[in-house]
Amino acid sequence: MFDLPDDEILPLSKEHVFYTWSAQAKVNPIVVQRAKGVYFWDINEKRYLDFNSMTMCVNIGHGDDRVIKAMQQQVAELSYAAPGMTTKVRALASKAVADVTPHQALTKVLFTLGGADANENAIKLARGYTGRHKILTRYRSYHGATAGAMAATGDPRRVIWEPNLMTGIVHFLDPYRYRSTFHRTNPAILEKEFAQDYLNHLEEIIQYEGPETIAAILMESVTGTNGIIIPPEGYMQGVRALCDKYGIVMIADEVMSGFGRTGKWFAVEHWDVVPDMITMAKGLTSAYAPLGAVAMKPEIASAFDERVFESGLTYASHPVSLAAAVANISVIREDKIVERAAGMGPVLKRVLTDMGEAHPSVGEVRSIGLFGILELVKDRNTKEPMAPWNSSSPEMIALKKYCIDNGLFLYTHWHTVLIIPPLIITEGQLKEGFDILDRALEITDKAV
Ligand SMILES: Cc1ncc(COP(=O)(O)O)c(C=O)c1O
């Protein structure tokens with residue numbers, strides 16, 4: 001389509017592209033050419049098995065013709081409409097999203113461009129609805145890279161931008177059992193009691209901050225890059241109860257955990273909890289086009305029946321992105337992709353367990369649906385991580401390099417390896433990837 005010889009792509013990119021999350025001089029990107037299913041290829045025809053769904057977002061897999069055709073038809077019919085207008089595809093997309101929310105209870109949908117601005121808008125809505133200012137979020141969280149979403153983010157990606165971020169965020173601790181501060185001497189504590197300890201911690205913080213000042217609790221239902229932390233039984237229900245008790249809005253950030261990733265449309269459904277708002281992006285279109293959304297209960301929307309919601313984005317409700325969302329949701333339904341992810345959940349769990357048994361550098365594995373992680377350690381007793389907090393190590397760099405060299409694309413974060421493949425992955429393809437990872441783990445085993 002565009003005229004540029006393959007061997008000029010990288011040099012031209014190096015000259016003109018400014019990369020995010022990167023030191024510019026150190027960027028050495030894969031030059032991707034095409035993608036299909038669970039694979040993508042670079043310009044040298046090298047094939048990669050995609051164990052990260054690119055940026056944890058290509059849930060239905062690459063190159064699905066049904067989504068591509070819907071987008072093509074939409075761009076030909078109407079490529080753009082102003083946010084104050086409505087279109088056929090906007091009506092259909094908002095209904096499609098509302099229909100997949102838990103108990104179909106989140107009936108109003110505000111579209112955004114991605115996950116960060118979905119969270120920003122959810123925060124504004126919660127503040128407007130409650131008339132309160134503070135937002136509680138967890139330390140092991142990522143909510144996006146715009147100033148407000150970055151303030152909400154608990155992990156170190158926030159710290160370098162401080163103090164010039166949005167005010168009013170208070171962080172609390174995650175129920176992270178493997179490294180629980182409260183339970184180092186009592187690791188065998190019953191799950192119910194473990195959950196209660198972290199709910200008590202949260203309630204204590206609510207009290208200290210003043211419940212009447214807190215607009216919302218914003219949480220990833222299952223923590224993504226910060227460790228695939230799966231809430232213990234009773235925790236989500238307990239957070240819901242605290243929100244009800246103190247009139248706090250519960251916002252579930254399902255940007256990464258939504259759209260089938262955990263074997264449910266949204267991860268909160270595992271605990272039968274209905275949040276007041278869900279923020280989403282990534283799997284909403286499976287990344288065929290950029291789109292985020294905030295789905296909310298009608299009473300939150302009604303708070304703005306007479307009052308203007310003072311916010312907006314030029315590309316909110318972009319018809320081509322909405323067409324991608326409608327087609328993507330119908331592919332998920334048609335191909336029973338949520339059910340497939342649920343069915344593959346035990347398969348991934350078994351392979352991860354096998355890895356843990358075979359490799360001394362694996363400290364713990366966790367997974368839910370097709371959302372998995374290996375925590376690599378230098379010592380299983382002390383749990384010393386294979387890379388320090390907020391950093392990497394020669395072993396982790398070598399492990400990642402081995403995988404990439406051998407055609408397995410995955411995401412490593414500090415001392416962890418994430419397993420987040422497209423939800424259409426088969427058992428055979430999963431095995432193909434784990435065969436490579438199995439060999440790569442021999443590198444980290446040497447550091448034990
Ligand atoms: C849980 C979560 N929330 C929000 C975001 C931000 O989404 P975006 O990059 O589309 O702004 C991400 C991105 O990785 C995420 O994982």
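This structure is a prediction, so every number in the text was calculated from the model and none was measured.
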Exercise. Relative to each other, are the rings of Y139 and H171 parallel, tilted or perpendicular (30° and 60° limits)?
Worked result: tilted
Exercise. So among F434, F371, Y411, Y39, which one has a ring-ring contact (aromatic ring centres under 6.0 Å, His included) with F51?
Worked result: F434
For this session: Enter the distance from I30:CD1 to N44:CG here, rounded to the nearest 0.5 Å.
Result: 11.5 Å
Exercise. Can you check whether D64 reaches Y288 side chain to side chain, under 4.5 Å on heavy atoms?
Worked result: yes
For this session: Start with the C-alpha gap between H318 and L291, add the side-chain angles, then the distance that decides, and say whether side-chain contact (heavy atoms from CB on, under 4.5 Å) holds.
Result: CA-CA 8 Å; H318 196 287; L291 189 70; 6.0 Å; no
Exercise. Which heavy-atom pair separates A295 from V97 by the least distance, and what is that distance?
Worked result: CB-CG1, 4.3 Å
Exercise. Do I278 and P102 come close enough that some side-chain heavy atom pair is under 4.5 Å?
Worked result: yes
For this session: With salt bridge (Lys or Arg N to Asp or Glu O under 4.0 Å) as the test, would you mind laying out the steps for R34 and E45 before giving the verdict?
Result: CA-CA 9 Å; R34 61 196 169 87; E45 281 301 311; 2.6 Å; yes
Exercise. Side-chain donor-acceptor pair under 3.5 Å between E204 and N200, yes or no?
Worked result: no
Exercise. Using the ring of each side chain (for Trp, its six-membered ring), is H62 parallel, tilted or perpendicular to F40, with breaks at 30° and 60°?
Worked result: perpendicular
Exercise. Do K400 and D405 meet the salt-bridge criterion of a basic N to acidic O distance under 4.0 Å?
Worked result: no
Problem set entry | Minimum-distance pair of heavy atoms, taken over all atoms of L199 and G234 | CD1-O, 3.8 Å
Problem set entry | T223 versus E220, side-chain donor and acceptor atoms under 3.5 Å | no
Problem set entry | Exam field: side chain E193 to backbone L190, donor-acceptor pair closer than 3.5 Å | no
Seminar exercise, completed: In short, V268 meets A252 closest at the heavy-atom pair CG1-CB, 4.0 Å
Exercise. Can you tell me if T146 and E120 form a side-chain donor-acceptor pair at under 3.5 Å?
Worked result: yes
For this session: Assess R90 against F111: is NZ or CZ under 6.0 Å from the centre of the six-membered ring, and within 45 degrees of the ring's axis?
Result: no
Seminar exercise, completed: Heavy-atom closest pair (G356 atom, R380 atom, distance to 0.1 Å) is O-NH2, 2.6 Å
Exercise. Distance only, no hydrogens: is a donor on one side chain within 3.5 Å (strictly under) of an acceptor on the other, for T225 and H413?
Worked result: no
Exercise. Which one of Y198, Y176, Y178 satisfies the side chain to side chain contact (heavy atoms under 4.5 Å, CB included) criterion with H183?
Worked result: Y198
Seminar exercise, completed: The reported gap from CD in E15 to CG in L10 (rounded to nearest 0.5 angstrom) is 11.5 Å
Problem set entry | Separation between OH of Y315 and CG of D117, rounded to the nearest 0.5 Å | 13.5 Å
Problem set entry | Straight-line distance of M219 CE to L202 CG, nearest 0.5 Å | 8.0 Å
For this session: Could you tell me whether K95 and D99 make a salt bridge, using a distance below 4.0 angstrom between a side-chain N and a carboxylate O?
Result: yes
Exercise. Does a salt bridge link D335 with R66, judged by any charged N lying under 4.0 Å from a carboxylate O?
Worked result: yes
Problem set entry | Main-chain N/O of M296 paired to K108 side chain as donor or acceptor, under 3.5 Å | no
Exercise. Atom OG of S393 and atom CE of M396: how far apart are they, to the nearest 0.5 Å?
Worked result: 6.0 Å
Problem set entry | Carboxylate-amine/guanidinium proximity below 4.0 Å for E254 and R261 | no
Exercise. Any side-chain heavy-atom pair from R138 and P175 closer than 4.5 angstrom?
Worked result: yes
For this session: Using distance alone, with no hydrogens and no angle criterion, decide if N119 and T279 have a side-chain donor and acceptor under 3.5 Å apart.
Result: yes
For this session: Please report the closest heavy-atom contact between A152 and L218, naming both atoms and the distance.
Result: CB-CD2, 4.0 Å
Problem set entry | Pair E364 + R366, salt bridge at N-O below 4.0 Å | yes
Exercise. Can you tell me if D174 uses its side chain to pair, donor with acceptor, with the backbone of R140 under 3.5 Å?
Worked result: yes
For this session: Indicate whether the side chain of N328 and that of T285 have a donor and an acceptor atom separated by less than 3.5 Å.
Result: no
Exercise. Counting only heavy atoms not in K431, do more than 12 fall under 6.0 Å of its NZ?
Worked result: no
For this session: State, yes or no, whether a side-chain contact exists between K297 and L106 at a heavy-atom distance under 4.5 Å.
Result: yes
Exercise. Within a strict 4.5 Å, meaning less than it, do heavy atoms of the K378 and S361 side chains meet?
Worked result: no
For this session: List the steps and the verdict of side-chain contact (heavy atoms from CB on, under 4.5 Å) for L418 and I228.
Result: CA-CA 8 Å; L418 288 117; I228 317 294; 3.6 Å; yes
Exercise. Would you call R439 and D435 a salt bridge, using N to O less than 4.0 angstrom?
Worked result: no
Problem set entry | Pair T137-H143, side-chain donor/acceptor within less than 3.5 Å | no
For this session: Mind running side-chain hydrogen bond (donor to acceptor under 3.5 Å, both in side chains) on H359 and T444 for me, showing each step along the way?
Result: CA-CA 9 Å; H359 294 281; T444 47; over 6 Å; no
Exercise. Okay, side chain of S391, backbone of W389: is any donor-acceptor separation there less than 3.5 Å?
Worked result: no
Exercise. Would you call E432-R47 a salt bridge at under 4.0 Å N-O?
Worked result: yes
Exercise. Under 4.5 Å between any side-chain heavy atoms of V377 and M386, yes or no?
Worked result: no
For this session: Salt-bridge test for K446 and E442: reply yes if a basic N is under 4.0 Å from a carboxylate O, no otherwise.
Result: no
For this session: Identify the two heavy atoms, one from T55 and one from K282, that lie closest to each other, and give their separation to 0.1 Å.
Result: O-NZ, 2.9 Å
Exercise. Passes side-chain contact (heavy atoms from CB on, under 4.5 Å), E375 versus H415? Steps please.
Worked result: CA-CA 6 Å; E375 270 204 45; H415 68 294; 3.0 Å; yes
Exercise. Does the side chain of T153 pick up a donor-acceptor pair with the side chain of R158 at under 3.5 Å?
Worked result: no
For this session: Evaluate the ring pair (Phe, Tyr, Trp, His ring centres under 6.0 Å) criterion for residues F266 and F259: first the C-alpha distance (whole Å), next the side-chain angles of each, then the deciding distance (0.1 Å), finally the verdict.
Result: CA-CA 6 Å; F266 294 104; F259 292 91; 5.2 Å; yes
Problem set entry | I419/L437 under side-chain contact (heavy atoms from CB on, under 4.5 Å): CA gap, chis, key distance, verdict | CA-CA 10 Å; I419 311 294; L437 187 57; 4.0 Å; yes
Problem set entry | Side-chain touch D379/K383, heavy atoms, less than 4.5 angstrom | no
Problem set entry | Approximate separation, where rounding is to 0.5 Å, of N59 CG and I424 CD1 | 10.5 Å
Problem set entry | Contact check, side chains of V31 and D6, non-hydrogen atoms, under 4.5 Å | no
For this session: For R240 and D276, run salt bridge (Lys or Arg N to Asp or Glu O under 4.0 Å): C-alpha distance rounded to whole Å, both residues' side-chain angles, the deciding distance at 0.1 Å, then the answer.
Result: CA-CA 9 Å; R240 177 70 270 181; D276 301 303; 3.1 Å; yes
Exercise. Side chains of Y142 and R157: do they bring a donor and an acceptor to under 3.5 Å?
Worked result: no
